[in-house]
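Only one structure is covered here, and it is reproduced in the block below.
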Amino acid sequence: MRTIFYFYGRETIITDQAFIKLGTGVARYPIKHIGKIGMVRRLRPGRASPGTIYAIVALMTFGVSAGSVLQNPFLSAGATILAAILAFRRLYVPRMELWAEYRGSVAVLFSTTDPRVFGQVSRALMRAIESCRLRRESASIASGEFRSEN
């Protein structure tokens, strides 16, 4: 029987038999033991590039200097608040996690900040689980487990 690949990436491989997490330690989760799936979106601390830090400092400096030259405290306060909002949004990035019930406990199967890859992995896992379920049902029907009693 040949293996069907639903997703093949740098961090994850999803086949019709297993969800394989690559990286520092390889973890293999057989599809038939994966139960309920949950998706979580969290804000996690990230890293700001030096260019982002320079831009935020320049915005704050411009706002304070323009506010003092124009004698408008609202301009300097507004620029400072805008810089703080931009810094917060840049320093805290949304991280999406794919959780699943695995052999009676909850496991984090996949985690990323890229929404496109997260969507691909979650859809591939759902297709693999559905395929596994259909194979089990067809195998049980073929073995005569489901009989109609009329």
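Side-chain atoms are counted along with the backbone in the values below, which use heavy atoms only and exclude waters and symmetry mates.
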Ile129 and Ile31 have their tightest heavy-atom pair at CA-CG2, 3.8 Å

Considering non-hydrogen atoms only, spot the tightest contact between Tyr102 and Pro30 and give its length.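 Minimum heavy-atom separation between Tyr102 and Pro30: OH-CD, 3.1 Å.
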
Can a donor-acceptor pair be found, under 3.5 Å and without considering hydrogens, that links the side chain of [X] to the backbone of [Y]?
X: Ser111; Y: Val108; answer: no
X: Arg135; Y: Asp16; answer: yes
X: Thr12; Y: Gly9; answer: no

According to a hydrophobic-cluster definition based on side-chain heavy atoms being under 4.5 Å apart (Ile, Leu, Val, Met, Phe, Trp, Tyr only), do [X] and [Y] belong together?
X: Tyr6; Y: Met39; result: yes
X: Ile4; Y: Ile13; result: no
X: Ile37; Y: Leu134; result: no

From CA spacing to verdict: side-chain hydrogen bond (donor to acceptor under 3.5 Å, both in side chains), Thr15, Tyr8: CA-CA 8 Å; Thr15 69; Tyr8 192 93; over 6 Å; no

Taking side chain as C-beta onward, heavy atoms only, is [X] less than 4.5 Å from [Y]?
X: Phe118; Y: Leu98; result: yes
X: Trp99; Y: Val40; result: yes
X: Glu97; Y: Arg42; result: yes
X: Pro115; Y: Met96; result: yes
X: Lys21; Y: Phe110; result: no
X: Ile34; Y: Phe19; result: yes
X: Glu11; Y: Leu22; result: no

Give the intermediate values and the outcome of salt bridge (Lys or Arg N to Asp or Glu O under 4.0 Å) for residues Arg127 and Glu130. CA-CA 5 Å; Arg127 285 193 309 267; Glu130 181 67 17; over 6 Å; no

To the closest 0.5 Å, what do you measure between NE2 (His33) and CZ (Arg28)? 9.5 Å

Set out, in order, the CA-CA distance, both residues' side-chain angles and the distance that settles side-chain contact (heavy atoms from CB on, under 4.5 Å) for Leu125 and Leu109, then state yes or no. CA-CA 10 Å; Leu125 178 61; Leu109 298 180; 3.8 Å; yes

